[in-house]
Amino acid sequence: MQLTLIEKESRNDRLRQFDPRLRLITALLFAMTVVSLHLIPLLLLTLLLALGMAWWIGLSGSLLLKRLLVMEGFMIVLLVMLPFSVPGESLFTLGPFNASIEGVQRALQIVLRANAIVILLMALIGTLEPVVLGHALGQLRLPDKLIHLFLFTVRYIGVLFDEYRRLRLAMRARAFVAGSNRHTWRTFGWLVGMLLVRSLERSERILAAMKCRGFNGRLYLVKQNIWSRYDTLALLLSLSLSGTLLLLEQTL
Amino acid sequence: MNEALITLQDINFGYPNHPVLSGVSFHLHPGERVALLGENGAGKTTLLQLMVGLHNPTRGRIHAFGRERRSEQDFREVRAKAGLLFQDADDQLFCPTVLEDVIFGPRNLGKPESEAKAIAEQVLSSLGLSRYADRITHKLSGGEKRMISLATVLAMQPQALLMDEPTNGLDEKAEQRLLEHLESLPQAMVFVSHDRKLVERLATRAVMIQDGTLIEGLMHSHPHVHTHSHLHIHAAGIDAGHDHDGSIPEHQHAHGEG
Amino acid sequence: MNEALITLQDINFGYPNHPVLSGVSFHLHPGERVALLGENGAGKTTLLQLMVGLHNPTRGRIHAFGRERRSEQDFREVRAKAGLLFQDADDQLFCPTVLEDVIFGPRNLGKPESEAKAIAEQVLSSLGLSRYADRITHKLSGGEKRMISLATVLAMQPQALLMDEPTNGLDEKAEQRLLEHLESLPQAMVFVSHDRKLVERLATRAVMIQDGTLIEGLMHSHPHVHTHSHLHIHAAGIDAGHDHDGSIPEHQHAHGEG
Amino acid sequence: MAHIPDGVLSTPVLITGAVVTTGLLAAAIRRLDFDRIPQAAVLSAAFFIASLLSVPVGPSSVHLILNGLMGVILGWAAVPAIFVALIMQAVFFGYGGLLVLGVNTMNIALPALLCAALLGPALRRSDGRFSLIWGAVSGAVGVLLTGTLVSLCLGLSSADFLPAAKVVLATYTPLMIAEAAVTGFTLGFILKVAPELITIPE
Ligand SMILES: Nc1ncnc2c1ncn2[C@@H]1O[C@H](COP(=O)(O)OP(=O)(O)OP(=O)(O)O)[C@@H](O)[C@H]1O
Ligand SMILES: Nc1ncnc2c1ncn2[C@@H]1O[C@H](COP(=O)(O)OP(=O)(O)OP(=O)(O)O)[C@@H](O)[C@H]1O
Ligand SMILES: [Mg+2]
Ligand SMILES: [Mg+2]
């Protein structure tokens, strides 16, 4: 299973020269800036910035849309409810309910913020190879055990996903069709149980393999990303951009 | 010749960025036992999976059990009539006990619990596996898992069997037992095998995937005389079944026996 | 004969409610290449794991690399000197990148980063795998994973290799490449295999687990003359490489070629 | 619906979530032996895969959270496992966000720990029908608590979210049904096939 959002052949090297840590820091900075903004035009601008970045990196539009739709489920609830729950000047009425202009504004703000942040997150971090992301998190001084856990998880998601896919195929081959019934839930329960049981056995073999190579409590990560002048420059650029946005928010 | 059970017409298929099959045509007639040959990664597993609609061909038509099949809905019926035995028995068995696993197929075909159970018990007993009914599938040995997988497929009462390396990973005794059962089955079969012995014993016809296309194989039998040296490995003190007096023994055996 | 590297004396072992080995004795001498045979579930994997202390025998003694080994502490040293290649390469390659995986062993033996890296690079290049150093392990093919697993074991500079079905799941080309490397290695080896061809080519001695006990195999080579009929399967129109005129052809080939 | 996106919650709620999650992570990591990392990671990968399963309930279908099950099986190790899975879901799938990672982890991990503490012991002692029932209870409780926490986070962020929070809580009903059913059968399976899996000593 491929986690990273960029297909191999369309891989765009535009961000390769930068340290992945820069990408992490920039995403965080962007998120913090965006949640501090309230003006709709500025939020629209950030959304455009995020979309521009996604386009520049070569994220496929259809994939992005598919991923965003998942989030919009949550958004729709807020979008539908907020205009009626926020008091303020009436925009229109629906039976006994009164939709306020302020409410629509709030809803719009939230939708723009959420989308801008998620798009930039996927563009900057989602296009990293998970292993590279793990290394970068390690260099950012997250606890060793957490990094190991992350890297191990990434390592075995692929293996287990293949197992899962083959089991699902075998179920289909025996005329299984998922429906809303006990038979389906029981079958899925067993499927999950089987995955877990096999995973546990695999983890025992992995630990044995680690012991065979003298495991004494840690992994050794070799790949070290190097922070270059360009990274500093890019960081300064994003800092000034977020400063400008915040300043505009204050003055406008 | 009676009508073909499964017909592939000019099929193309590939995984993303990885073409596998092109222009493949194939027929399976009742009573046939077709060996499907080809190197690792040639696309044998893929071809079997295509026959029951687990992948969608990018070109070509599939005709099975009387009519053309296109949609997932169409293929549901095909899957009941063409039982697919997976390359790895571990992929096929996921229910806690053997009986539950054998019941799974008939249940999916809409049989009520009691009838499904009766079918399952009957299939298990016909394969001589009744004593396994309550065993935990996960804890069976490789050979046992294979036999149970076969039972799970037979329980769907298919008209054709598609088997992906049925003797893969079995030791000789288990292989022998499986072969005997397969020989006694009336169904038409397509089976993948790297094992020449199996092909010679079971197949009535052979096809081979080469460079993504399917070519019809010729099978014929003729006698050979070989002179060769080979290694015997057997436990000390256990009769090897022939002499080691240094003279050149002569014996009759199947090619590739090893 | 020089002293044995690994000696098992009268070992008993079983999993909870499941006896596996009883009264097993075994020696591995320098320069030997021992094939370990036995049916599925006979206990071959278990026996290899016992040798490096991954299980505790319920009876018997293990002597390895000069002294008796009992405690986990004792076996740490054994594991450095007897490299175990696992049945499934996915279990063995657990680090994010190939280089990190190969370095893991030497680092644990206390080598500093730079030295470990030098060893890893040297081992990779000796196996012709240098270009894989920065690759992500889970994106390798089956054959590549096997070769890298071998590299991770060799990087610990072991005096003996214990290999659990080393050619399992490899296609012929990959198998050939692996075999060539194994033949060129000086280490004593124990290897599990169901593949007679591999055994004939690599082994100097064979042992077999039967009903939980280990029996010494006899290996010897002598010429045979066979007269047998066999099937040829080849694509129509493609030259089979021999005539089919009905006369009895005579040719020399290795047994088990199939 | 368990993954709240960025830009919704108020700063105090975000900070509370971050603090709680940091505390839970620190405690969990202290308890996590290096020896148990492979086990925690492989199971965490398995849960990640299981959450891709689309389970039909009535006219809709849901993706499982499985936090009750994770708690029962992994104990404290469920916390970092959930955290790691949420990072990956956020950056690669766009579920949730970056600044809300703390809140989201808290919302899913706290119920997991609670299930482990309250229901784990009963489950380990049960068999047959009872394992199914206790499993279903832990599945339902895990989801119900998560839903409650999510609604609470919304409600505490702003009074204006209260009606929306109620709707969100209501949408947890089908998830609760699916989760209870699947978790029950999963635990039944595990207790039958490999009981040692849920009796791992901490
Ligand atoms: N799900 C998949 N995604 C991408 N590529 C795949 C997938 N499954 C198989 N392949 C590739 O397609 C090709 C054909 O695979 P297939 O499994 O059909 O071969 P096979 O003939 O059955 O080989 P084997 O003898 O090893 O079982 C292989 O190169 C394989 O790597
Ligand atoms: N961790 C375990 N717990 C309980 N039983 C086990 C365990 N590992 C193996 N067994 C059982 O012990 C027996 C010997 O297993 P082992 O893996 O050593 O066999 P093997 O000879 O390597 O077989 P194969 O050729 O299939 O690899 C088998 O019956 C197996 O089911
Ligand atoms: Mg195949
Ligand atoms: Mg084995």
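Quick note on labels: first sequence line is chain A, next is B, and so on, each numbered from 1. As the structure is a prediction and not an experimental result, all values here were calculated from the model.
For the residue pair D:Ala45 and A:Tyr156, the shortest heavy atom distance occurs at CB-C, 3.9 Å. The two atoms that bring A:Lys145 and D:Arg30 nearest to each other are NZ-O, 4.0 Å, heavy atoms only. Smallest separation of non-hydrogen atoms from D:Ala164 and A:Val77: O-CG1, 3.9 Å. Taking each heavy atom of A:Phe188 and D:Pro56 in turn, the nearest pair found is CE1-CD, 4.1 Å. Residue D:Phe92 comes nearest to A:Leu3 through the heavy atom pair CD2-O, 3.5 Å, listed as atom of the first residue, atom of the second, then distance. For D:Phe185 against A:Gly189, the heavy-atom pair with the smallest separation is CB-CA, 3.9 Å.
With respect to chain D, the highest number of heavy-atom pairs below 4.5 Å among A:Leu124, A:Val35, A:Ile125, A:Leu149 belongs to A:Leu149. When each of D:Leu66, D:Leu52, D:Leu25, D:Ile37 is checked for heavy-atom pairs under 4.5 Å with chain A, D:Ile37 comes out on top. Considering only heavy-atom pairs separated by less than 4.5 Å from chain D, the leading option among A:Val34, A:Leu146, A:Ile119 is A:Leu146. The greatest number of non-hydrogen atom pairs below 4.5 Å with chain D, out of A:Arg202, A:Lys66, A:Gln109, A:Met194, is found for A:Met194. Most heavy-atom pairs under 4.5 Å with chain A: of the set D:Thr11, D:Val167, D:Val55, D:Leu53, this distinction falls to D:Leu53. Chain D forms the most heavy-atom pairs under 4.5 Å with one residue out of A:Ile206, A:Asn216, A:Leu195, A:Val197, and that residue is A:Val197. The candidate with the highest count of non-hydrogen atom pairs below 4.5 Å against chain A, out of D:Pro163, D:Pro5, D:Gly97, is D:Pro5.
Heavy-atom distances place no part of D:Leu162 under 4.5 Å from chain A, backbone and side chain included. In this structure, chain D has a heavy atom under 4.5 Å from the side chain of A:Ile117, while its backbone stays farther away. Heavy atoms closer than 4.5 Å to chain A are found nowhere in D:Ser60, neither backbone nor side chain. Both the backbone and the side chain of A:Ile157 come within contact range of chain D, judged by heavy atoms closer than 4.5 Å. Within the 4.5 angstrom heavy-atom criterion, only side-chain atoms of D:Leu154, from C-beta onward, approach chain A. With a 4.5 angstrom heavy-atom cutoff, D:Leu98 touches chain A via backbone and side-chain atoms both. Contacts of A:Phe161 with chain D are made by both backbone and side-chain atoms, with heavy-atom separations under 4.5 Å. For chain D, the nearby part of A:Leu133 is the side chain; its heavy atoms alone come within less than 4.5 Å. With a 4.5 Å cut-off on non-hydrogen atoms, A:Val118 touches chain D through its side chain but not through its backbone. For A:Ala123, no part lies under 4.5 angstrom from a heavy atom of chain D. Proximity to chain D is absent for every atom of A:Arg198, based on heavy atoms less than 4.5 angstrom apart. Residue A:Met75 touches chain D through its side chain alone, counting heavy-atom pairs closer than 4.5 Å. D:Leu14 does not touch chain A: none of its heavy atoms, backbone or side chain, sits under 4.5 Å away. Using a 4.5 Å cut-off between heavy atoms, D:Leu187 does not touch chain A at all. For D:Phe93, the parts lying near chain A are the backbone and the side chain together; criterion is any non-hydrogen pair under 4.5 Å.
Residue D:Trp134 places its CH2 atom among 12 or fewer non-hydrogen atoms of other residues, nucleotides or ligands, all under 6.0 Å distant.
Residues A:Val192 and D:Leu69 are in side-chain contact: their nearest non-hydrogen atoms beyond the backbone lie under 4.5 Å apart. Using a 4.5 Å cut-off on side-chain heavy atoms (C-beta onward), D:Phe34 and A:Phe215 make contact. Two residues are said to be in side-chain contact when any heavy atoms from C-beta on lie closer than 4.5 Å; D:Ile190 and A:Trp190 fail this criterion. Using a 4.5 Å heavy-atom cutoff, the side chains of D:Phe189 and A:Leu196 are not in contact. A 4.5 Å side-chain heavy-atom check between D:Asp35 and A:Met210 finds every atom pair outside the cut-off.
Evaluated for a side chain to side chain contact (heavy atoms under 4.5 Å, CB included) with D:Val42, the options A:Leu200, A:Leu160, A:Leu207 yield exactly one hit, A:Leu160. Residue A:Ile110 forms a side chain to side chain contact (heavy atoms under 4.5 Å, CB included) with just one option from D:Leu9, D:Val8, D:Asp6, and that option is D:Val8.
Between the OG1 atom in D:Thr186 and the CG atom in A:Leu191 there is a gap of 8.5 Å [rounded to 0.5 Å]. Atoms NE2 and CG, on A:His148 and D:Leu32 in that order, are 11.0 Å from each other to the nearest 0.5 Å. Of the inter-residue distances, the one linking D:Gln39 atom CD with A:Glu204 atom CD reads 7.5 Å to the nearest 0.5 angstrom. The distance from atom OG1 of A:Thr153 to atom CE of D:Met88, rounded to the nearest 0.5 Å, is 5.5 Å. Here the CG-CZ distance, from D:Leu132 to A:Arg186, works out to 10.0 Å after rounding to the nearest 0.5 Å.
Here D:Asp160 pairs with A:Arg106 in a salt bridge; the nearest charged N to carboxylate O distance falls below 4.0 Å.
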